[in-house]
Visitor: 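Questions regarding the structure given below will be posed in turn.
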Amino acid sequence: MTLNIYTVIGLAVILVIVLMALLADFIAPYSPVEASGMELESPNPLHIMGTDNLGRDVFSRVVYGARTVVVVVLIAVILSGVIGTVLGLVSGYISGILDKILSFVMDSIYAFPSLILAIALSVALGPNIFNAAVAIAITYIPTYFRMVRGQVLSIKNESFVEMARALGLPITRIMARYILPQLTQTLVVVFSMNSADAVLTEAALSFFGLTVQPPTPDWGFDLYKGRGFILSGAWWMLIFPGGMITLLALGFALLSEGVSQSYVVKEGE
Amino acid sequence: MSEVLLVEDLYVKYYTRRGIISAVSGVTFDVIKGEMLAVVGESGSGKSTLGYAIMRLLPRSGAVERGRIVLDGEDILRLSEEELRRIRGGKVSMVFQDPFTTLDPLRRVLDQFREFLAEHGIDAERGRIIAEEMLEAVGVPKNLANAYPHQLSGGQKQRVAIAMAIALNPLLVIADEPTTALDVVIQRQVMDLLDDVKKRGTSIMFITHDIALAIERADRVMIMYGGEVMELAEKSMLAKRALHPYTVGLLSSMPRIGSEKLPSSIPGYPPDLRSPPKGCIFHPRCPYATERCRTVKPILSEVEKNHFVKCHLVKAL
Ligand SMILES: Nc1ncnc2c1ncn2[C@@H]1O[C@H](COP(=O)(O)OP(=O)(O)OP(=O)(O)O)[C@@H](O)[C@H]1O
Ligand SMILES: [Mg+2]
């Protein structure tokens, strides 16, 4: 895999935001949940992104808010990636009745608009950060499942898989060592594409108060709240959380674009 | 002489959307220790199916309906998947037709080799030694052990496949058209290599559609048609005195150096295995077919010592 400009920029953006989440205690100048200034101060040297309607520092809330989104997105994407991949491997390799049932379930999930499904699941499971991650994860499982299953169906008929079986290698090992490595390229691309989407879905769930509860900082929720003060001219309450959501989603989108491009180049070599 | 493999009255069917295919029907034969048995037949005669059945590697659509497959005294058809893994690669292994795709393109040759040995309980250090020895023994240059499969030629890949197939001193290697995808010179080298394997005491079931190559290389030759054994004999006997009309047809369809006559092929088409012809399966193409051939199925019988033929007319001789 060669690094190209998209990959580098994408990774850089993601890295900065992840670091922000990890090092929030050192970066944020104020507490994100307590007032540190007057209400609705516009950006100024003490509060570079201004303050919100309760006098809290918007910059500190943006920094701490990274934690919520990073945690939700990571859990969601890893959970869906692992479950979708394992089910896809099993379903594609073993086929038969299990494959039919799984494929039907996956197609049903896939048929729903993912945002609406995530909201519905999140409401059903109860509004907290982990449930939000699970709800998002469920909507992405079919993506991995379909992709992995399709690849397994073609790879399992390759002679090297047949040869591995003829040499007495167990099926689990064949899947892990022979089939999975063939899928890494595609998995990385889908993984970052889903992450980009998960950032936006997380924001939407927060918008409806389905992730963290106030006063915990969260970009989506702050964006929602900021909407109410746009007429008071407090654009900073809206622009900064909203900008961060866009930036992180863009980072993942760039990464997935970059990775898929460099693989295309590699194959053409 | 002891037998390594005994196949008895074997039936294999494929269940497909277009119908049930009788790919192997009532096949009985054995493989003796240290011999090369050639299995010869046209495309679709069930040669590969027979090989896969012995390995217990039939695709999902295929099933053994009847019969026994006894390898080294053990009934293969009764073994669990777990036990089969020990047998495959250990007591019996298979070399496939297309060497270009039989190795995992993403991993080094030596790594794949060692992984296979490790799976059979051989520790890492000994695995490396065995793998390197075997690769050397089959004539793969030392520097290629750490190469990726795409850096090897077709012949070299087939050598690697053979090295893996024989590394654990199996009793039997099933070689399914191992040279078909290779050019003539390489083909000869690979066949020589199989000869060497045989000298180590490993029996070989050599699947081919080339009867000339079979007679040149094998000890015994088994002729298959439509999933059935038509004739089975020592190669010299078969070359001198083939008795089944189908074998005779095959022999006369092979080009001979110095012969004025053009090779003649057998008229007609292989049978539709979804509804095989009644009586002798070969009768629609047989120039000597009688009424009896059309209605009564002949059985494989020993017409002279170690010479088996499935034909009403030969028995009548
Ligand atoms: N996976 C499968 N599903 C359905 N039918 C099959 C399958 N594999 C083989 N067959 C059928 O079984 C019969 C025997 O096929 P097989 O591959 O054993 O023949 P073969 O002698 O090895 O031929 P070839 O020389 O072309 O390799 C054929 O009629 C074939 O169409
Ligand atoms: Mg075949």
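Quick note on labels: first sequence line is chain A, next is B, and so on, each numbered from 1.
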Visitor: Where does B:Val95 contact chain A at under 4.5 Å (heavy atoms): side chain, backbone, both or neither?
Guide: neither
Visitor: Counting only heavy atoms closer than 4.5 Å, note whether B:Met164 contacts chain A via side chain, backbone, both or neither.
Guide: both
Visitor: Could you give the distance from CD (A:Glu162) to CG (B:Asp176), rounded to the nearest 0.5 Å?
Guide: 9.0 Å
Visitor: Check whether B:Phe96 gets within reach of chain A through its side chain, its backbone, both or neither, counting any heavy atom under 4.5 Å.
Guide: side chain
Visitor: Distance check, rounded to the nearest 0.5 Å: B:Leu106 atom CG versus A:Thr184 atom OG1?
Guide: 7.5 Å
Visitor: Could you check if a side-chain atom of B:Glu115 sits within less than 4.5 angstrom of a side-chain atom of A:Leu169, using non-hydrogen atoms only?
Guide: yes
Visitor: Of the listed residues (A:Arg165, A:Gln182, A:Glu158), which shares the most heavy-atom pairs with chain B below a 4.5 Å separation?
Guide: A:Arg165
Visitor: Quick check on B:Ala161 against chain A: is it the side chain, the backbone, both or neither that has a heavy atom closer than 4.5 Å?
Guide: both
Visitor: Under a 4.5 Å heavy-atom cutoff, which of B:Arg56, B:Arg88, B:Gln112 has the most pairs with chain A?
Guide: B:Arg88
Visitor: Of the non-hydrogen atoms in B:Met94 and A:Ala166, which two are nearest, and what is the gap between them?
Guide: CB-CB, 4.2 Å
Visitor: Validate the cation-pi geometry between B:Arg107 and A:Tyr178: distance from NZ or CZ to the six-membered ring centre under 6.0 Å, angle to the ring axis within 45°.
Guide: yes
Visitor: Is it the side chain or the backbone of B:Tyr52 that comes within 4.5 Å of chain A heavy atoms, both, or neither?
Guide: side chain
Visitor: Taking atom CD of B:Glu81 and atom CD1 of A:Ile171, what is their separation to the nearest 0.5 Å?
Guide: 5.5 Å
Visitor: Please tell me if the side chains of A:Phe160 and B:Thr101 come closer than 4.5 Å, counting only heavy atoms from C-beta onward.
Guide: no
Visitor: Can you establish whether the number of heavy atoms outside A:Phe130 located under 6.0 Å from its atom CZ is more than 12?
Guide: no
Visitor: Might you point out which heavy atoms bring A:Gly168 and B:His120 nearest each other, and give the distance in Å?
Guide: CA-NE2, 4.2 Å
Visitor: I'd like to know whether OH of A:Tyr6 has more than 12 heavy-atom contacts from other residues, nucleotides or ligands below 6.0 angstrom.
Guide: no
Visitor: Is it the backbone or the side chain of B:Gln97 that comes under 4.5 Å from a heavy atom of chain A, or both, or neither?
Guide: neither
